[in-house]
Amino acid sequence: MTVAVAGASGQLGRLVVEELLRAGATPVVAIVRDPRKVADLAELGVDVRQADYGDAAALDLALAGVDRLLLVSGNEFGARVAQHTTVIRAAERAGVQLLAYTSIPGATENPLILAQEHRGTEAVLAEATVPYTLLRNSWYWENYLGGLAHAVESGVLHGAAGEGRVAGASRADYAAAAARVLTTDGHAGRVYELGGDERLTYAELAQAISTAAGKPVRYENLAEADYAAVLEQAGLPAGYAKALADADTGIAAGVLDVDSGDLQKLLGRPATSAVEVFRTALA
C-alpha cells in the first residue's frame, strides 16, 4: 500500500511522514513544491515527488500509484479551495482509495474566518468520488510559540478569548493521528473532531507558560480589535492579525473546545500537555 503526504515539507506534513516511517509504512511518498526541502527524507527512502497544489499535470504524476493520501491544507489564504479542489480531482483520476484532509473543528458551522476555506473544501469532498476522512484539528499548542518569549519577558499573555476554552494538543499529536488513519482500516466516511485532553482558558494557558518558564505570567483580555492591533504592532500582516483575533473571539464562543475524545482514541494515549510543549520550546 502506497501512502502519500501532500504538503510534506511543511511542519505538520513532515511530522506525518516521520510517523509513517516509524510505523513501518512502505512505500511512503512525499509530495512537495521544492524537493530540496526534504532531501533528508529522500535519504531515508521516502519517494519525493514534486507538485504544486495548483498544478494538475504535476499532481497526476505525483499521485500515480498512490493508495492513501493526506491532503494537508495549504497556506495560500484565499486560494485554498481552488488548490485543494485541484488535488481532489487529481486524486479521483489516480484512483486514490482514501483521502484524509486536515480541517478545523465543526467546519460546517464554524464561524471563524479561518474556517471558511475548510468549509469550502469539505463541500467539494462531499461531492467527490474519492473516499475521504476529515481530520478536524483543533489548535496546536505551537500556535502560541510566536508570542511565547514576549509573554515570558513581559509577564503578560494578551488575547481576546475571555473565559473560553481551547482544547489544544501538540502538532506531533495531530501528525500521529493522521498517520494512524493512513495506515489502518475503517476510516472512510469518518469525521474526527480532534482536540487535546486539556481544555484551557487563556488564564490557564498563562499559568502553563508560567510553569514552563518558571516566571509569573498573567492573562490580559482585550477587545478583538485591540488584540488585532497588538498583533499588527508585533509585525503580523493586518489580514492575518484580524484572522487570529477573530479566532480568539471564536474560542470565547467555544468553537475550539473539543471534547469528543477522537484524538485520544486514534493516539491510544493522552495528548501532549501545553506545559510540555512550552517547556521544550523554552529549553
Side-chain angles (χ1 to χ4, degrees), residues 10-12 73-81 83 102-107 109-121 136-171 174 195-196 198-258 274-275 277-282:
Q11 291 175 307
L12 178 64
S73 56
N75 57 12
E76 295 184 38
F77 296 98
R80 295 196 292 175
V81 176
Q83 291 179 343
T102 60
S103 189
I104 196 169
E109 301 87 19
N110 192 315
L112 299 189
I113 292 171
L114 294 173
Q116 294 173 2
E117 291 178 295
H118 290 300
R119 184 161 51 250
T121 300
R136 290 177 167 174
N137 295 347
S138 187
W139 247 213
Y140 306 158
W141 292 135
E142 286 87 350
N143 289 354
Y144 298 102
L145 297 187
L148 186 63
H150 181 266
V152 172
E153 181 181 352
S154 66
V156 180
L157 172 69
H158 290 104
E163 296 298 317
R165 295 183 177 276
V166 55
S170 72
R171 185 177 283 110
Y174 294 112
E198 294 180 312
R199 299 160 56 215
L200 303 183
T201 65
Y202 271 35
E204 292 168 334
L205 196 65
Q207 181 56 51
I209 295 172
S210 179
T211 299
K215 296 179 60 178
V217 177
R218 64 179 176 83
Y219 174 54
E220 182 175 327
N221 194 63
L222 303 174
E224 180 180 326
D226 293 337
Y227 182 46
V230 167
L231 293 173
E232 281 191 63
Q233 291 168 6
L236 271 64
Y240 190 46
K242 179 180 179 181
L244 290 182
D246 172 76
D248 266 20
T249 299
I251 289 171
V255 299
L256 295 180
D257 185 10
V258 178
V275 168
V277 172
F278 299 153
R279 186 173 284 143
T280 298
L282 291 168

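Heavy atoms only: backbone and side chains are in, while hydrogens, waters and symmetry mates are out.
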Taking distance alone, no hydrogens or angles, what donor-acceptor pairs closer than 3.5 Å link side-chain atoms of residues 111-119 to residues at least two apart or in another chain?
| residue | atom | partner | partner atom | Å |
| --- | --- | --- | --- | --- |
| Glu117 | OE1 | Gly78 | N | 3.3 |
| Glu117 | OE1 | Arg80 | NE | 3.0 |
| Glu117 | OE2 | Gly78 | N | 2.8 |
| Glu117 | OE2 | Ala79 | N | 3.3 |
| Glu117 | OE2 | Arg80 | N | 3.1 |
| His118 | ND1 | Tyr101 | OH | 2.8 |
| Arg119 | NH1 | Ala107 | O | 2.9 |
| Arg119 | NH1 | Asn110 | O | 2.7 |

**OP:** Could I get the full list of side chain to side chain contact (heavy atoms under 4.5 Å, CB included) partners for Asp226, not counting sequence neighbours?
**Re:**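 Partners of Asp226 under the side chain to side chain contact (heavy atoms under 4.5 Å, CB included) test: Leu222, Ala223.
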Original post:
Who pairs with Asn221 by side chain to side chain contact (heavy atoms under 4.5 Å, CB included), at least two apart in sequence or on another chain?
Top reply: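 Here the qualifying residues are Tyr219.
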Donor-acceptor check, side chain of [X] to backbone of [Y], threshold 3.5 angstrom: yes or no?
X	Y	value
Arg165	Arg199	yes
Ser138	Ala167	yes
Tyr174	Trp139	yes

Subject >> side-chain hydrogen bond (donor to acceptor under 3.5 Å, both in side chains): pairs with one or both residues in residues 236-250, sequence neighbours excluded >> reply: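 Passing the test, one end in residues 236-250: Tyr202-Asp248, Glu224-Thr249.
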**OP:** Would you indicate whether the side-chain heavy atoms of His158 and Leu231 approach each other to under 4.5 Å?
**Re:**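 Side-chain contact under 4.5 Å: no.
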Per-pair distances, 0.1 Å, donor-acceptor, side chain in residues 145-154, under 3.5 Å, sequence neighbours excluded:
| residue | atom | partner | partner atom | Å |
| --- | --- | --- | --- | --- |
| Ser154 | OG | His150 | O | 2.7 |
| Ser154 | OG | Val156 | N | 3.2 |
| Ser154 | OG | Val156 | O | 3.3 |

Subject >> Separation between CD of Glu198 and CD of Glu204, rounded to the nearest 0.5 Å >> reply: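 The CD atom of Glu198 sits 9.0 Å away from the CD atom of Glu204.
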Original post:
How many angstroms lie between CG in Leu157 and CD in Gln207, if you round to the nearest 0.5 Å?
Top reply: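 Taking CG in Leu157 and CD in Gln207, the distance rounds to 11.5 Å.
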Subject >> Ala160 to Ala252 - nearest heavy-atom pair and separation >> reply: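 Closest heavy-atom pair between Ala160 and Ala252: O-CB, 4.3 Å.
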Subject >> Closest non-hydrogen atom pair between Phe278 and Trp141, with its separation >> reply: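 Scanning both residues, the minimum pair turns out to be CE2-O, 3.6 Å.
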Subject >> Sequence neighbours excluded, every pair satisfying salt bridge (Lys or Arg N to Asp or Glu O under 4.0 Å) that has a member inside residues 210-222 >> reply: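 Salt bridge (Lys or Arg N to Asp or Glu O under 4.0 Å) check on residues 210-222 returns Arg218-Glu220.
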